[in-house]
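One structure below.
So that the names make sense, note that chain A is the first sequence line, chain B the second, and so on, each numbered from 1.
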Amino acid sequence: MASLITLKERVYIAELMEKGEIGKEYVVAGWVDTVRVHGKLVFVVLRDRSGKMQVVAKKNISEDAWRTAKSLTPESVVAVRGVLVESKAALGGRELQAREIVVYSKAEPLPIDIHDHAKTVLAKRLDWRFLDLRNPRNQTIFLVEAEMARAAREWFASNGFVEIFTSKIVGAATEGGAEVFSIVYFDKPAFLAQSPQLYKQMGVIAGFERVYEIGPAFRAEPHHTTRHLTEYTSVDLEMGFIDSYEDVMDAVEGVVRAMVEAAVGRYRSRIEEYFPGAVLELPKKIPRITIREAYKLLEAAGVKVEWGEDLSSEAERKLGEIVEREYGSPIVFVTEYPWNARPFYTMKKPDEPEWTLSFDLLFRGLEIATGGQREHRYEVLRRQIEEKGLNPKNFEWYLAMFRYGAPPHGGAGIGLERVVMQTLGLSNIREARLLPRDPERLTP
RNA sequence: GCCGCGGUAGUAUAGCCUGGCCUAGUAUGCGGGCCUGUCAAGCCCGUGACCCGGGUUCAAAUCCCGGCCGCGGCGCCA
C-alpha cells in the first residue's frame, strides 16, 4: 500500500512543540533518537534539526503501525503522522500519538555512541563523522562556525572590503619555507598554497584597496598537537592606505568581535547547554601590549623567556592566564614581534629595526591571528628578502608590484577553526574541523 | 622531525608493574523474554574481545624484539 504520508505536510519539531494545536494531526520526520519498547507501548524520541520530541505508539493503533513502531532502531529515518496531545510526563509537556509510521531508512546497530561524545575517543568519532555529527553538541560547533563565517563576510562587506578568490595551486612557496605540500602540475612541480599572503597584497596594490578571502590554507608541518591541522580555513584580510598597524588591529578586532557576537547571539542557549567553558563575550576593547611588556609580565610570573625571541607555546598559555588576571580579558594583542621571528614582508619598526610593526592575537593563550604592516618600499623589501636568506629571483612577480605604485598597507590572517575552538573551549582543534587532516589522517 | 604514552568484544574500560587463580571482569550496545507512561526506562537470559609477526618460558593479555596503527608534548605555526 502506498504511504499516506507526504513530506510536504512535514512540520519542524521545535515549531510543533511551541505552537502546535493540541488535538490536531501533524506529520513530523527525522531520526529516531531513542526507542523504549514497553509491553503495549512504544516511546520514541524523534529528532530533526530543530529539536527533539516524544512520539508514543500504543498497541491499539493499526496492526501495521504497531509492528513498525516495535521494530524501530536508533537513527533510522522515519516520518510519523499523529495527534498532538498534552502529556505531563512527556519532555516539553506534549507528545505526538502516532497513527502512521513510515520508515524511509532503517539504521543498523551503531558503531559509536552518538548520545555522549565523551564515550568514544575522537579518532573513532572522526572515522564515523557523519554519525558523530548527529549529536546536537557536535552539530552546534559547525553552526557556530558557519555563523562566524557569515558574520565575518558581513563585517567585511560593510567596511569596504572586496572578497577575492586566489589560487591555491602555486608555483612557489609563499615564504620560502619547506612547509608546503608538493603536487604534480602536468610536467611542473607545484605546491598547495600555505597562505594567500602575496595575492591579497596584490589585491590591494591592484587598486581594490581593501580585500579579504575566506579559504583553505595548507601546511605540511608534521604537527602532532591538539591545535594544528594540515588544512585549515584562513580568514584573511589586507588593507591599503593605513597609517599604522594599529589600523589593522582595529580591523581584526572588528571582525573577531563580529564573529563571536554573531555566534553567541544566534546560538546562545545551545552554546550554554553544550559548552559550559565557552567565552560568551569579549571585552569592550582588546588590550594591546608589546612583546617586550609580555616578556616582563612573564618574567615577573617566573616564566623563563628569551628576549628577542618568539614566545613559546607555553609562554603564550601563561601570558593568557596573566592577562586574564591582570586585565580581565581572555584575549590580547601582542605587538612588535622581533624581526627574526617574522616573515620578510613585515615592516620593521623605524627607530628600532630589530622589532617589527606586527602583532599576534592570543585568545585564551592560543594564537588565533597574525598580522602587521607590510613593507611597501621596493628597495627595502628586496633587501629584506635577502636578509632572510631568500632569493629575490623567486619573488620577481611579487617584487614587481612594488615598482609601480604600492600604497602603505597591512593585513592579517585569522584561523577560523581556532576561533571556534577557543570560543567554545574545545580541547582539540580536530573537533572544530568538519573533516580534519593531520599528518596521519586523510579520511574520511 | 625529536620525545613520551598507548593498542583487550560494536563502544568505553579492568586486568599487564609482581607470568599460572583469565574458562579474560565491568558498563553500554546488540538478540530474546516480562511490562500501558517511559524518558539514555527497569528486571531476567543470552551474545561478543587480548593489533600483527617473532622470541623467552613448563606456562604469555601480562616479559623482550620488530612492524603497523593511534594519542599527546615540543619545535613551528592559524
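Side-chain contact check for Q201(A) and H376(A): no donor-acceptor pair (N or O, by modelled atom type) lies under 3.5 Å. Side-chain contact annotation: T356(A) with R342(A), donor-acceptor N/O pair under 3.5 Å absent. For the residue pair T233(A) and R433(A), a side-chain donor N or O sits within less than 3.5 Å of a side-chain acceptor on the partner.
When the P atom is compared between C65(B) and G4(B), the two are found 13 Å apart, to the nearest whole Å.
Taking the six-membered ring wherever Trp is involved, the centroid distance between the rings of F395(A) and F344(A) falls below 6.0 Å.
In this structure, Y232(A) forms an aromatic stack with the base of A78(B), since both conditions hold: centre separation below 5.5 Å and plane angle below 30°.
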ask   = Taking it one step at a time, do R219(A) and Y232(A) satisfy side chain to side chain donor-acceptor pair (under 3.5 Å)?
value = CA-CA 8 Å; R219(A) 303 281 164 95; Y232(A) 69 94; 3.0 Å; yes

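The side chain of T233(A) contributes no N or O atom lying less than 4.0 Å from OP1 or OP2 of A78(B). For the pair T370(A) and A78(B), the criterion of a side-chain N or O lying under 4.0 Å from OP1 or OP2 is met. For C74(B), one of the phosphate oxygens OP1 or OP2 lies less than 4.0 angstrom from a side-chain nitrogen or oxygen of R227(A). Not one side-chain nitrogen or oxygen of K119(A) sits closer than 4.0 Å to the OP1 or OP2 atom of A12(B). Put simply, T226(A) has a side-chain N or O that comes within less than 4.0 Å of OP1 or OP2 on G73(B). An OP1 or OP2 oxygen of U36(B) is reached within less than 4.0 angstrom by no side-chain nitrogen or oxygen of N60(A). For the pair R342(A) and C77(B), the criterion of a side-chain N or O lying under 4.0 Å from OP1 or OP2 is not met.
If you check C76(B), G73(B), G70(B) against the side chain of A123(A), the one that comes closest is G70(B). For S312(A), the listed nucleotide lying nearest its side chain is G75(B); candidates were U36(B), G75(B), C74(B). The listed nucleotides are U11(B), A78(B), G73(B); the one nearest the side chain of R418(A) is A78(B). Out of G37(B), C71(B), G72(B), the shortest distance to the side chain of A89(A) is found at G37(B). For V121(A), taking side-chain heavy atoms from C-beta onward, the closest of the listed nucleotides U13(B), C77(B), G75(B) is U13(B). For P109(A), the side-chain atoms get nearest to C30(B) when compared with the rest of A78(B), C30(B), U38(B). Out of C30(B), A40(B), G37(B), the shortest distance to the side chain of T34(A) is found at A40(B). In this structure, the nucleotide among G72(B), C77(B), A40(B) sitting nearest to the side chain of H115(A) is A40(B). The side chain of H38(A) approaches C35(B) more closely than any other nucleotide in the set C30(B), C76(B), C35(B).
The pairing partner recorded for G37(B) is none, the criterion being a Watson-Crick or G-U wobble arrangement whose two distances lie under 3.5 angstrom. With both pairing distances under 3.5 Å, A12(B) is matched to U26(B) as a Watson-Crick or G-U wobble pair. Under the Watson-Crick and G-U wobble criteria, each requiring two contacts below 3.5 Å, nucleotide C69(B) is paired to G6(B). Partner assigned to U57(B) is none, using Watson-Crick or G-U wobble distances below 3.5 angstrom. Base pairing of G19(B) is not made with any nucleotide, judged by Watson-Crick or G-U wobble geometry with both donor-acceptor distances under 3.5 Å.
In summary, of the residues considered (K168(A), R153(A), K200(A)), a salt bridge (Lys or Arg N to Asp or Glu O under 4.0 Å) with E213(A) occurs for K168(A) alone.
In this structure, I414(A) reaches neither bases nor backbone, as no heavy-atom distance under 4.0 Å exists between it and the strands shown. If you check every strand for non-hydrogen atoms under 4.0 Å, R47(A) touches nothing. Note on E95(A): a base of the nucleic acid sits closer than 4.0 angstrom, heavy atoms only. Counting non-hydrogen atoms under 4.0 angstrom, A90(A) reaches a base of the nucleic acid. Contacts of S234(A) with the nucleic acid, taken as non-hydrogen atoms under 4.0 Å apart, are absent. Among the heavy atoms of the strands, none lies under 4.0 Å from L416(A). Contact annotation for D236(A): no contact, since no heavy-atom pair falls under 4.0 Å across all strands. Among the heavy atoms of the strands lying under 4.0 Å from R430(A) are primed sugar atoms or P, OP1, OP2 only; no base atom is included. The residue E440(A) sits close only to the backbone: its heavy atoms come under 4.0 Å of sugar-phosphate atoms, none of a base. Among the atoms of the strands shown, base atoms are found under 4.0 Å from some heavy atom of E316(A).
At least one side-chain heavy atom of K19(A) sits under 4.5 Å from a side-chain heavy atom of E15(A). Between D236(A) and T166(A), every side-chain heavy-atom pair lies at or beyond the 4.5 Å cut-off.
Mapped onto RNA chain B by nearest heavy atom, A369(A) and P111(A) fall at different nucleotides, with P111(A) at the one closer to the 5' end. Of the two residues contacting RNA chain B, namely K124(A) and D116(A), the nearest-nucleotide position lying further toward the 5' end is that of K124(A).
Ring-plane geometry between H223(A) and H228(A) is classed as parallel, the angle between the planes falling under 30 degrees on a 0 to 90 degree scale with a further cut at 60. Taking the six-membered ring where the residue is Trp, F161(A) and Y212(A) present perpendicular rings, their angle passing 60° and hence far from 30°. Classified by interplanar angle (parallel below 30°, tilted 30° to 60°, perpendicular above 60°), the ring pair F333(A)/F359(A) is perpendicular.
In summary, R137(A) and D116(A) do not engage in a salt bridge, as defined by a charged side-chain N under 4.0 Å from a carboxylate O.
For C74(B), the base has no donor-acceptor partner in the side chain of H223(A) [N/O atoms by modelled type, under 3.5 angstrom]. A donor N or O paired with an acceptor N or O is found under 3.5 Å between the base of G37(B) and the side-chain atoms of S87(A). On a pure distance criterion of 3.5 Å, no polar donor-acceptor pair joins the side chain of E108(A) and the base of G10(B). Under 3.5 Å, the side chain of K88(A) and the base of G37(B) form no donor-acceptor pair of N or O atoms.
For the pair K348(A) and W339(A), the distance from NZ or CZ to the six-membered ring centre is under 6.0 Å and the angle to the ring normal is within 45 degrees.
Distance CD (Q194(A)) to C1' (C76(B)): 12 Å, rounded to an integer number of Å. Per the geometry, NE2 belonging to H117(A) stands 13 Å off P belonging to A12(B), to the nearest Å.
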task = Using a 4.0 Å heavy-atom cut-off, write out nucleotides 43-48 of chain B from 5' to 3' as B (base contacted by protein), S (sugar-phosphate only) or - (no contact).
result = ------

Each nucleotide N or O in nucleotides 6-8 of chain B that has a protein N or O under 3.5 Å away: list the pair and distance.
none

